[in-house]
Amino acid sequence: MHTAILFLELGGIILGLGVLGALALRAGISPIPLYLMAGLAFGHGGLLPLATSEEFISVGAELGVILLLLTLGLEYNADELVSSLRGNARGGIVDLVLNAAPGAAAALLLGWGPVAAVAMAGVTYATSSGITAKVLSDLGWIGNRETPVVLSLLVFEDLTMALYLPILTAILAGVSLIGGAVTVAIALGTVSVVLLVALRYGKAIEWFVASPNSEVLLLKVFGLTLLVAGIAQQLQVSAAVGAFLVGIALSGELAEDARALLTPIRDLFAAVFFVFFGMQTDPGAIPPVAALAAALAVVSLITKLLTGAYAARRAGIAKAGQARAGIAMIPRGEFNIVIAGLAVSAGAHPDLGPLSATYVLILAAFGPLAARLIQPLITAIAKRA
């Protein structure tokens, strides 16, 4: 009977996610807000709380995070990361300062303490690479001059997250100053070693992983990712960071083949992850933080617009391109929920989860919508210029 109920609950959830995804496609928005709302409906305090499948969904959510970071790493190679850091470090630092500050300031002003402030800084900092990539593709902005600037900022954010997540994990675990310094040193060493190995021995890694058979390739890449993620978790570096570094180590045609095989699995477990985060959030806790989330979203919208405009202007791009770069940076999504999920699991402030969920709901939905609505205005400005 237990297994039957488990199948019923999982089947209902996954089928429902498929319906929500279809609705999102039709509306031209990201499905992430709908997945989060589904989680709110099926979680604690929701309309139809589920208990039997919660443990299974929890494991699926962990896999979702790992696959999200793996496929994100597959988008880049070590050479691109190094050159991006050299050429766009100033814009990346401006992005970090402008967009991490609102979250940290909000947590401190609310009296949530320094630990919650570090977590909220990450929540407001990172742009959703997945949603932004979709916006660039859907609106035909891929070939625009400002797009490389946007992508370089996203790469800088991803590398910053590779160092930030271990630091956050150490802080949430309450380790000592020495323990935290060791964790940061391990994270820096791990990232450096992986980049060095990818630059010098990338061909050897690809030779080991490569296979003409798609099944064997999938098993090798997924197995290697889980193995490295487990080692990273043991070293307190974060499984997500380990998965991201595996993606960076693979490049070229092999990375493209692996991404094509992993994308359907990633989409399934990523959807499960967003649902699980929603299930961990009590819908009744959202109204008290809704106004704060909306205010924080407005501030973040402005800071991302300034970030994109600054970086694009430094690259010699006109005002229309500067506006597009800023708009493309607005959406929040997977990374923000990952950070909030870590903080909630570690017992950070109880309002952090609902605030983060509401904040992401607003910007994940509004970012793509704003791009579509403002696109005609930007085009008119460009033509007039």
Just how far is it from atom [atom1] of [X] to atom [atom2] of [Y], taken to the nearest 0.5 Å?
{"X": "L301", "Y": "I327", "atom1": "CG", "atom2": "CD1", "result": "8.5 Å"}
{"X": "L363", "Y": "T358", "atom1": "CG", "atom2": "OG1", "result": "11.0 Å"}
{"X": "L109", "Y": "L292", "atom1": "CG", "atom2": "CG", "result": "10.0 Å"}
{"X": "I286", "Y": "D351", "atom1": "CD1", "atom2": "CG", "result": "11.0 Å"}
{"X": "L74", "Y": "D257", "atom1": "CG", "atom2": "CG", "result": "10.5 Å"}
{"X": "T307", "Y": "E157", "atom1": "OG1", "atom2": "CD", "result": "8.5 Å"}

Go through the steps to decide whether L70 and V221 satisfy the test side chain to side chain contact (heavy atoms under 4.5 Å, CB included), and finish with yes or no. CA-CA 10 Å; L70 169 63; V221 173; 4.2 Å; yes
Exercise: identify the closest heavy-atom pair between [X] and [Y]:
{"X": "Q322", "Y": "I317", "result": "NE2-O, 2.8 Å"}
{"X": "G308", "Y": "A325", "result": "O-CB, 3.7 Å"}
{"X": "A38", "Y": "L20", "result": "CB-CD1, 3.8 Å"}
{"X": "G326", "Y": "L305", "result": "C-CD2, 3.6 Å"}
{"X": "A312", "Y": "V149", "result": "N-CG1, 3.9 Å"}
{"X": "A210", "Y": "L254", "result": "CA-CD1, 4.0 Å"}

Under 3.5 Å side-chain donor-acceptor pair for T127 and K304: yes
Is [X] linked to [Y] within one hydrophobic cluster, defined over Ile, Leu, Val, Met, Phe, Trp and Tyr using a side-chain heavy-atom separation of less than 4.5 Å?
{"X": "L23", "Y": "I13", "result": "yes"}
{"X": "V299", "Y": "V123", "result": "no"}
{"X": "V94", "Y": "I302", "result": "yes"}
{"X": "I330", "Y": "L98", "result": "no"}
{"X": "V118", "Y": "L110", "result": "yes"}

Considering only residues two or more places apart or on different chains, which pairs with a residue in residues 94-128 satisfy ring pair (Phe, Tyr, Trp, His ring centres under 6.0 Å)? W112-H349
Side chain N336, main chain S356, donor-acceptor under 3.5 Å: no
With the side chain counted from C-beta on, respond yes when [X] and [Y] share a heavy-atom pair under 4.5 Å apart, and no when they do not.
{"X": "N99", "Y": "R332", "answer": "yes"}
{"X": "I339", "Y": "Y164", "answer": "yes"}
{"X": "D95", "Y": "F156", "answer": "no"}

In T263, L262, L261, the residue satisfying side chain to side chain contact (heavy atoms under 4.5 Å, CB included) with R259 is T263
Under the criterion side chain to side chain contact (heavy atoms under 4.5 Å, CB included), which of I14, L17, L63, L67 is the partner of L268? I14
Given the rule in the side chain to side chain contact (heavy atoms under 4.5 Å, CB included) test, do L154 and M329 qualify, once you have shown the distances and angles that lead to the verdict? CA-CA 8 Å; L154 294 179; M329 297 292 293; 4.2 Å; yes
My understanding is that only residues two or more places apart in sequence, or in another chain, count here; which of them pass side-chain hydrogen bond (donor to acceptor under 3.5 Å, both in side chains) with E146? N144, R324
